[in-house]
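This report concerns only the one structure given below.
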Amino acid sequence: MTDQITHIAKTIPIEHYIYLSAILFSIGVLGVLIRRNAIIIFMSIELMLNAATLLLTAFSTYRSDAAGQVFVFFIMVVAAAEVAVGLAIIVMIFRNIKSIDINLLNKLKW
Amino acid sequence: MAPYFFYFLAFLAIFSALMVVFSKNPVYSVLFLVMTFFAIAGQYILLNAQFLAVVHIIVYAGAIMVLFLFVVMLLNLNKELEPHKSSLLKLAGVIASGILMLTLIGTFRGATEQVVGAGLSDGLTYNNQVGLVKNLGKVLFSDFLLPFELSSILFLSAMVGAVMLGKRDKEPIEL
């Protein structure tokens, strides 16, 4: 019955998916930390979301449990809504202060 | 054959993710992000999660990236005028995210035996059709029917919010 197991699950250990997702997630964190352009920061957040969904899908396949892939589907739904609202906010900020440098938005900073 | 595809796609994803963060021009960042999304969709196909691969390409590469590209071009940001943070802050960012990466790897490696142990070892309870549209559709419309319907309300409110925010104000807010 071992031929039931997906080919990739037999040849690639799950640790490699963990390494890939952790690296992608930390690249996203790095982008949030070192860039000042609001749109680049937003894209880095998308990278982090994708790293999380990739690991969720890998675990779901290795465990052959459909719930993990349904969660990924809902994460995509939330991400789509989040991008629409977030980009509208960025456009509004640009319209008001003619820049999207986040260091200019420091009114809420102690 | 599949392992080579995995390592190629992993390398492609990491390389283009780094280029998203480090490229000066926001338009190049968006295009490299599209490349990352395609690499991740390839990983989904390798994992036999075909429904997710198709939805990922439609939602991310089709909808979200077009939105990003429109905003970058609408705001006319394709100039390299972003002032950079000091190199001390950049070094601190690299160290912080590197430590976070080590922590994540350590945490998840400790959890793998509980997560994947049962299904793979005997192969009897393993079902490789779990990521296909037929199976996921059954699960989505039986166990997860209420969240699925609630997500339509989320989309409606996001649409109303985006239109509200995008509307031009009478007088600009002073900042």
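Below, read A as the first sequence line, B as the second, and so on, with proteins coming before strands; counting in each chain starts at 1. Just so we're clear, the structure is a prediction, and the values are computed from it rather than from any experiment.
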Is the shortest side-chain heavy-atom distance between [X] and [Y] below 4.5 Å?
X	Y	value
A/Phe74	B/Leu140	yes
A/Glu15	B/Phe108	no
B/Phe148	A/Val77	no
B/Met101	A/Phe25	no
B/Phe22	A/Ile34	yes
B/Phe68	A/Val83	yes
A/Phe94	B/Val71	no
A/Phe73	B/Leu136	no

Which value, rounded to the nearest 0.5 Å, describes the distance between [X] atom [atom1] and [Y] atom [atom2]?
X	Y	atom1	atom2	value
B/Leu165	A/Ile90	CG	CD1	11.5 Å
B/Leu67	A/Leu87	CG	CG	5.0 Å
A/Gln69	B/Gln50	CD	CD	10.0 Å
A/Leu20	B/Gln43	CG	CD	5.5 Å
B/Thr36	A/Glu46	OG1	CD	11.5 Å
B/Phe32	A/Leu47	CZ	CG	12.5 Å

Pick from A/Ile23, A/Ile41, A/Asn50, A/Asp65 with the largest number of heavy-atom pairs that fall under 4.5 Å of chain B:
A/Asn50
Under a 4.5 Å cutoff for heavy-atom pairs, which residue among [options] has the most contacts with chain A?
options	answer
B/Leu104, B/Ile99, B/Leu89	B/Leu104
B/Phe51, B/Phe70, B/Tyr7	B/Tyr7
B/Asn135, B/Leu18, B/Val59	B/Leu18

Can a donor-acceptor pair be found between the side chains of A/Thr53 and B/Tyr44 at a distance below 3.5 Å?
yes
Exercise: identify the closest heavy-atom pair between [X] and [Y]:
X	Y	answer
A/Leu24	B/Ala17	CD2-CB, 3.7 Å
B/Pro26	A/Ile40	CA-CD1, 4.2 Å
A/Leu30	B/Ser97	CD1-OG, 3.6 Å
B/Ser29	A/Met43	CB-CE, 3.7 Å
B/Lys167	A/Arg95	O-NH1, 3.6 Å
A/Ile12	B/Pro3	CD1-CA, 3.8 Å

B/Val20 and A/Ile27: side-chain contact (heavy atoms from CB on, under 4.5 Å), yes or no, with the steps?
CA-CA 9 Å; B/Val20 170; A/Ile27 291 172; over 6 Å; no
Going hydrophobic residue to hydrophobic residue with side-chain gaps under 4.5 angstrom, can you get from [X] over to [Y]?
X	Y	answer
B/Leu33	B/Val27	yes
B/Ile45	A/Tyr62	no
B/Val94	A/Val29	yes
B/Phe15	B/Phe38	yes
A/Met76	B/Ile153	no

Structural part of [X] lying under 4.5 Å from a heavy atom of chain A:
X	value
B/Phe5	neither
B/Ile14	both
B/Ile105	both
B/Val30	both
B/Ser157	neither
B/Ala92	neither

